[in-house]
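Single-structure report; data block below.
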Amino acid sequence: MAIDLNILGNNIRALRNSRRASQEEVTNFIHITRSTYSSFENGQKVPDLQTLDAICALYDISFDSLVNFDITKGILKRIYFDKCNQDVADLLNKYQSLSLSSKFLVMQRVDILVEQEYALYPYKLRLCKTRRKHK
C-alpha cells in the first residue's frame with residue numbers, strides 16, 4: 001500500500017492545528033524528535049507503523065482516515081473538525097475498523113433505514129438527494 005505523503009502531512013498538520021498544539025507538544029506525546037515530526041508534516045518522510053499508531057491514538061482517528069483521505073476537505077473536514085460532530089467521527093472510525101463483511105451488513109442496514117425514512121418523510125429526503133446531485 002502506497003502512502004500519499006501530501007495527504008498524510010496535511011492531515012497531521014491540520015489535526016495538530018485544530019488542537020492548537022505545537023509540534024513540540026505532539027512529539028513529547030509520541031516520543032520522537034521535532035525535526036522528524038516536521039518531516040512527516042512536510043511530506044518528506046513516512047512514519048513507521050508504531051508512530052502512525054501513536055498519532056492515530058493522539059487524535060482519535062482511524063488509520064484509514066489519517067492515511068488515505070484528505071480530511072481537510074469536504075464532509076470529512078466537517079466531521080473531524082467540528083466539535084459538535086464528535087459522535088459522527090467516532091462512528092466513522094468504528095465503521096472503518098470493521099471487516100468487509102461487517103461493513104457490508106452495516107450498509108445493508110443503512111439502506112433499509114433510508115428506505116424507511118423515505119416512506120415516512122419523502123419530501124425531506126428528496127431535498128437531500130437533490131442537494132447531493134448538485135454538489
Side-chain angles (χ1 to χ4, degrees):
M1 169 179 92
I3 294 178
D4 185 326
L5 294 178
N6 291 325
I7 288 175
L8 177 63
N10 289 339
N11 285 347
I12 61 176
R13 180 181 299 111
L15 289 164
R16 179 180 58 78
N17 289 335
S18 74
R19 300 277 174 97
R20 294 188 173 104
S22 68
Q23 286 184 345
E24 194 70 34
E25 292 168 324
V26 172
T27 58
N28 288 338
F29 181 83
I30 59 177
H31 307 291
I32 60 173
T33 65
R34 197 200 59 74
S35 62
T36 299
Y37 182 81
S38 179
S39 68
F40 300 155
E41 280 193 3
N42 294 325
Q44 297 167 338
K45 251 179 138 175
V46 179
D48 60 30
L49 288 176
Q50 184 178 4
T51 303
L52 282 172
D53 188 49
I55 292 170
C56 290
L58 173 64
Y59 298 120
D60 192 28
I61 188 169
S62 71
F63 178 83
D64 192 38
S65 292
L66 182 67
V67 173
N68 293 322
F69 301 103
D70 187 347
I71 62 172
T72 64
K73 296 180 181 163
I75 193 165
L76 289 175
K77 179 179 182 180
R78 290 197 322 251
I79 290 171
Y80 284 105
F81 298 110
D82 276 356
K83 296 297 179 201
C84 62
N85 287 327
Q86 188 58 48
D87 291 338
V88 176
D90 292 343
L91 284 172
L92 184 60
N93 286 335
K94 288 176 185 173
Y95 174 79
Q96 290 176 332
S97 68
L98 296 174
S99 67
L100 284 177
S101 59
S102 294
K103 286 180 181 178
F104 180 74
L105 292 173
V106 168
M107 291 309 298
Q108 282 182 321
R109 182 65 180 140
V110 167
D111 286 343
I112 291 168
L113 291 172
V114 168
E115 286 177 18
Q116 290 172 346
E117 286 288 313
Y118 187 73
L120 295 173
Y121 308 103
Y123 176 75
K124 184 177 170 184
L125 287 173
R126 268 190 227 120
L127 284 176
C128 293
K129 287 180 181 179
T130 303
R131 287 181 189 149
R132 272 188 276 176
K133 287 180 184 175
H134 295 299
K135 287 186 179 181

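Bear in mind that the values here come from a model prediction, so they are computed numbers and not experimental data.
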Residues two or more places apart in sequence or in another chain: which of them pass side chain to side chain donor-acceptor pair (under 3.5 Å) with Asn42?
Arg13, Ser38
Holding to salt bridge (Lys or Arg N to Asp or Glu O under 4.0 Å), I want the full list of residues that pass it with Asp70, two or more places apart in sequence or in another chain.
Lys73
In Å, rounded to the nearest 0.5 Å, how long is the span from CG of Leu58 to CG of Asp53?
11.5 Å
I want to check something: taking the side chain as every heavy atom from C-beta on, are Tyr37 and Ile12 in contact at a cut-off of under 4.5 Å?
yes
Dump the intermediate steps for side chain to side chain contact (heavy atoms under 4.5 Å, CB included) on Ile7 and Asn68, then the final yes or no.
CA-CA 7 Å; Ile7 288 175; Asn68 293 322; over 6 Å; no
Under 4.5 Å between side-chain heavy atoms, counting indirect links through other Ile/Leu/Val/Met/Phe/Trp/Tyr residues: same cluster for Phe63 and Ile61 or not?
yes
What distance separates Asn11 CG from Phe40 CZ, expressed to the nearest 0.5 Å?
14.5 Å
With Cys56, which of Leu15, Val67, Leu66 fulfils side-chain contact (heavy atoms from CB on, under 4.5 Å)?
Leu66
Can a donor-acceptor pair be found between the side chains of Ser65 and Ser62 at a distance below 3.5 Å?
yes
With the 4.5 Å side-chain cut-off for hydrophobic clustering, are Tyr95 and Phe104 part of the same group?
no
If you look at every heavy atom in Lys45 and Thr36, which pair is closest and at what distance?
NZ-CG2, 4.2 Å
Can you list the residues that meet the side-chain contact (heavy atoms from CB on, under 4.5 Å) rule with Ser99, with sequence neighbours excluded?
Ser101, Ser102
Between Arg34 and Glu24 (side chain of the first, backbone of the second, donor and acceptor by atom type, cut-off under 3.5 Å), is there such a pair?
no
Flag side-chain contact, heavy atom, 4.5 Å: Ser22 against Thr27
no
Going by side-chain contact (heavy atoms from CB on, under 4.5 Å), name the residues that satisfy it together with Ile112, two or more places apart in sequence or in a different chain.
Arg109, Gln116
Shortest non-hydrogen contact from Leu5 toward Gly43
CD1-O, 3.3 Å
For Gln50, all residues meeting side-chain contact (heavy atoms from CB on, under 4.5 Å), sequence neighbours excluded:
Asp48
When clusters are formed by joining ILVMFWY residues with side-chain heavy atoms under 4.5 Å apart, either directly or through shared neighbours, do Leu49 and Ile55 land in the same one?
yes
side-chain contact (heavy atoms from CB on, under 4.5 Å) against Ala54, all qualifying residues, sequence neighbours excluded
Ile30
Is atom NZ of Lys103 surrounded by more than 12 heavy atoms (other residues, nucleotides or ligands) closer than 6.0 Å?
yes
Might you work through the side chain to side chain contact (heavy atoms under 4.5 Å, CB included) test for Tyr59 and Ile71, ending with a clear yes or no?
CA-CA 12 Å; Tyr59 298 120; Ile71 62 172; over 6 Å; no
Side chain to side chain contact (heavy atoms under 4.5 Å, CB included) between Arg19 and Glu25, intermediate numbers included:
CA-CA 11 Å; Arg19 300 277 174 97; Glu25 292 168 324; over 6 Å; no
